[in-house]
Peer 1: 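There's a structure below that I have some questions on.
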2 protein chains.
Amino acid sequence: MIYIAGMDDHTDRTRKPRADAVRNRELVLEAAKVVFNAGGPEASLEAVAKRAGVGIGTLYRHFPTREDLFEAVYRREVEQLSEFAEQLKNAKDPVDALRRWLRSGVEFVATKKGMVAALALAVQSGSELHAFSFDRLTKATGSLLDRAVAAGEMRADISPEDLLRAFFGMCYIHDQPGWQSTALRLLDVFVDGLRVQPVAKPKAHTTKRAKPAAKPKR
Amino acid sequence: MIYIAGMDDHTDRTRKPRADAVRNRELVLEAAKVVFNAGGPEASLEAVAKRAGVGIGTLYRHFPTREDLFEAVYRREVEQLSEFAEQLKNAKDPVDALRRWLRSGVEFVATKKGMVAALALAVQSGSELHAFSFDRLTKATGSLLDRAVAAGEMRADISPEDLLRAFFGMCYIHDQPGWQSTALRLLDVFVDGLRVQPVAKPKAHTTKRAKPAAKPKR
DNA sequence: TTGTTAAGCGGAGGCTGCCTCCGTATCTTC
DNA sequence: GAAGATACGGAGGCAGCCTCCGCTTAACAA
């Protein structure tokens with residue numbers, strides 16, 4: 001078989017992916033979304049496979065680990081969330097923009113029961129697979145945070161990662177009756193804390209600030 | 001059998017608990033502490049039983065659920081933590097006292113790998129069993145918080161429960177390389193946010209404050 | 001079309017952990 | 001020492017995880 005230069009349709013001489021494989025992947029994803037949103041992140045993978053109408057083996061071939069499946073299911077949602085940040089970049093008040101973004105995050109979490117676990121995955125432990133979500137969210141947060149810092153309204157020693165973790169932490173209590181209002185309240189406090197303090201504090205706090213959050217190598 | 005008033009040794013006419021039962025309970029607790037601290041809260045209960053040198057049935061009789069065991073294991077630690085709060089009540093600067101308490105909490109979590117799960121249990125979901133830990137911690141937090149509020153240094157619309165949840169949330173990312181410094185930084189920001197803002201904000205934020213955290217009925 | 005072959009399918013089966021149940025052993029009490 | 005209450009332990013049933021491999025099917029070439 002001769003490779004024809006310039007033939008850029010599918011640049012590599014690889015077989016087209018099988019139609020059934022593509023279809024099944026989609027079926028699994030759809031089923032997983034339903035099952036995870038209903039039963040939480042602990043839900044049985046066999047249940048997902050059954051709902052999708054595929055064998056358990058098929059599920060595992062497409063998504064070798066539970067986390068893979070998770071990431072795939074919530075990728076779209078994460079993307080949505082970061083797009084909202086994009087929009088907010090044009091808001092007048094940068095602090096308010098950040099605040100609003102965080103608040104919208106709470107709402108997001110509220111509607112998707114599995115979302116917290118997805119965020120956990122994105123924010124937590126430096127495994128490989130969650131890279132996408134983590135990057136997206138970090139960038140989204142960063143763009144809002146940076147603006148506020150540049151405007152001189154916020155302290156500069158909190159990294160986007162830090163903020164993300166704080167956000168996540170505050171949403172983590174998401175299976176209590178009134179968790180939403182709690183989370184919103186806590187986030188407000190946090191954002192207030194992020195503001196550059198208008199006057200010197202009465203007592204200089206010597207709790208030494210950590211050096212500006214070392215960016216994770218990546 | 002005649003009940004003798006004033007005989008206050010064991011006030012009720014019940015059998016003395018069996019010696020082996022008492023011993024086994026202790027063995028299980030000790031084993032659980034080791035296993036949980038090493039393997040995290042997911043660790044196998046059968047492993048605990050094996051380590052304790054008792055049958056799995058014995059373990060379950062003493063601690064019908066995993067949570068029961070958890071609570072028992074970390075009860076002492078929780079107590080210690082709240083005692084520290086007690087000491088701090090005499091500190092001069094109430095804001096600083098609170099800050100220090102939270103920070104010490106981070107250290108605590110750092111040394112006990114299972115501690116976060118224990119806190120989660122205490123802070124999360126209103127099941128029955130965690131009442132003790134939750135109460136202890138709420139009171140500890142409350143006493144410090146109240147003092148700061150009374151001194152006019154902190155806003156009054158955050159309940160001890162809220163604060164506890166925030167603390168927990170920030171510790172939740174406890175399996176990352178640098179999580180400790182992150183958590184400390186985040187807590188500092190949060191405490192700053194809690195302070196009564198010295199001057200009116202440049203732009204009145206209309207994000208309406210939730211009504212002063214309704215105390216959970218209990 | 002048809003044949004070839006890589007890719008994908010599915011579920012049996014091995015494994016681990018959860019939890020219950022009950023015959024047996026041990027301790028307390030008298 | 002005997003009786004009776006209490007606790008012990010682990011077999012066994014169940015569920016979920018994940019792997020492995022014989023069978024099926026879609027893509028491609030001719």
Side-chain angles (χ1 to χ4, degrees), chain A residues 1-4 7 9-32 35-36 38-70 72 114 117 121 127 129, chain B residues 1-4 7 9-32 35-36 38-70 72-73 114 117 127 129:
Chain A
M1 168 81 37
I2 295 162
Y3 176 77
I4 301 173
M7 184 180 186
D9 197 338
H10 24 48
T11 48
D12 217 357
R13 233 46 231 119
T14 62
R15 225 165 218 259
K16 189 161 74 176
R18 280 176 58 156
D20 54 348
V22 173
R23 180 166 29 82
N24 280 334
R25 189 170 199 282
E26 215 52 43
L27 284 173
V28 169
L29 273 178
E30 198 54 41
V35 171
F36 283 151
E42 318 273 64
S44 144
L45 294 188
E46 322 226 298
V48 172
K50 185 175 285 182
R51 182 181 186 97
V54 306
I56 187 68
T58 298
L59 185 151
Y60 273 97
R61 196 165 337 93
H62 285 295
F63 307 99
T65 74
R66 187 183 212 83
E67 280 71 38
D68 291 337
L69 182 52
F70 238 89
L121 223 170
S127 83
L129 297 158
Chain B
M1 172 76 44
I2 295 163
Y3 175 77
I4 301 171
M7 183 184 189
D9 198 338
H10 25 51
T11 48
D12 215 358
R13 234 43 232 120
T14 62
R15 221 167 220 260
K16 191 160 71 176
R18 279 176 58 160
D20 54 349
V22 173
R23 180 165 29 82
N24 279 334
R25 189 170 200 283
E26 216 51 43
L27 285 174
V28 169
L29 273 178
E30 199 51 43
V35 171
F36 283 151
E42 320 273 63
S44 144
L45 294 189
E46 323 227 296
V48 173
K50 184 174 286 180
R51 182 181 186 97
V54 305
I56 186 69
T58 297
L59 185 150
Y60 272 98
R61 195 167 337 92
H62 285 294
F63 307 99
T65 74
R66 187 184 213 83
E67 281 71 38
D68 291 336
L69 181 52
F70 238 91
V73 166
S127 84
L129 297 158

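The chains referred to below are lettered A, B, ... by the order of the sequence lines, with proteins before strands, and numbering in each begins at 1. Keep in mind that what you see is a predicted model, and the values were worked out from it rather than measured.
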Peer 1: Rounded to the nearest 0.5 Å, what separation is found between the CZ atom of Arg25(A) and the OG1 atom of Thr58(A)?
Peer 2: 13.0 Å
Peer 1: Let me know the distance between CD of Glu42(B) and P of dC18(C), rounded to the nearest Å.
Peer 2: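 Interatomic distance, CD of Glu42(B) to P of dC18(C): 10 Å.
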Peer 1: Please determine whether any donor N or O and acceptor N or O are separated by less than 3.5 Å between the side chain of Arg15(B) and the base of dA5(D).
Peer 2: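 No, no donor-acceptor pair under 3.5 Å.
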Peer 1: How long is the gap from NZ on Lys50(A) to CG on Leu45(A), to the nearest 0.5 Å?
Peer 2: 13.5 Å
Peer 1: Which sits closer to the 5' end of DNA chain C, Ala19(B) or Ser44(B), going by the nucleotide each is nearest to?
Peer 2: Ser44(B)
Peer 1: Find the distance between OH (Tyr60(B)) and CZ (Arg66(B)) and round it off to the nearest 0.5 Å.
Peer 2: 7.5 Å
Peer 1: To the nearest angstrom, how far is Asp68(B) atom CG from dC18(C) atom C1'?
Peer 2: 15 Å
Peer 1: Nearest-Å distance, CZ (Arg18(A)) to C1' (dC9(C))?
Peer 2: 8 Å
Peer 1: Taking all heavy atoms of Phe70(B) and all of Ala117(B), pick out the closest pair and write down the distance.
Peer 2: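 Closest approach of Phe70(B) to Ala117(B): CE2-CB, 3.5 Å.
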Peer 1: Write down the distance between CZ (Arg61(A)) and C1' (dC20(D)), rounded to a whole number of angstrom.
Peer 2: 11 Å
Peer 1: Measure from CD on Glu46(A) to P on dG10(C) and round the result to the nearest Å.
Peer 2: 14 Å
Peer 1: If I take atom NE2 from residue His62(B) and atom CG from residue Asp68(B), how far apart are they, to the nearest 0.5 angstrom?
Peer 2: 12.5 Å
Peer 1: Between P on dA6(C) and CG on Asp20(A), what's the gap in Å once rounded to a whole number?
Peer 2: 17 Å
Peer 1: If you compare every side-chain N and O of His62(A) against the phosphate oxygens of dC9(C) (OP1, OP2), does one of them come in below 4.0 Å?
Peer 2: yes
Peer 1: Can you tell me the distance, in whole Å, between the CG atom of Asn24(A) and the P atom of dG11(C)?
Peer 2: 12 Å
Peer 1: If every non-hydrogen atom of Val35(A) is compared with every non-hydrogen atom of Ala43(A), which pair is closest and at what distance?
Peer 2: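 Looks like CG1-CB, 3.5 Å.
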Peer 1: Tell me which residues in residues 52-60 of chain A lie within less than 4.0 Å of DNA chain D, going by non-hydrogen atoms.
Peer 2: Ile56(A), Tyr60(A)
Peer 1: May I have the distance from Phe36(B) (atom CZ) to dG17(C) (atom P), rounded to whole angstrom?
Peer 2: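 So the CZ-P distance, Phe36(B) to dG17(C), works out to 13 Å.
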Peer 1: To the nearest 0.5 Å, tell me how far Asn24(A) CG sits from Leu29(A) CG.
Peer 2: 11.0 Å
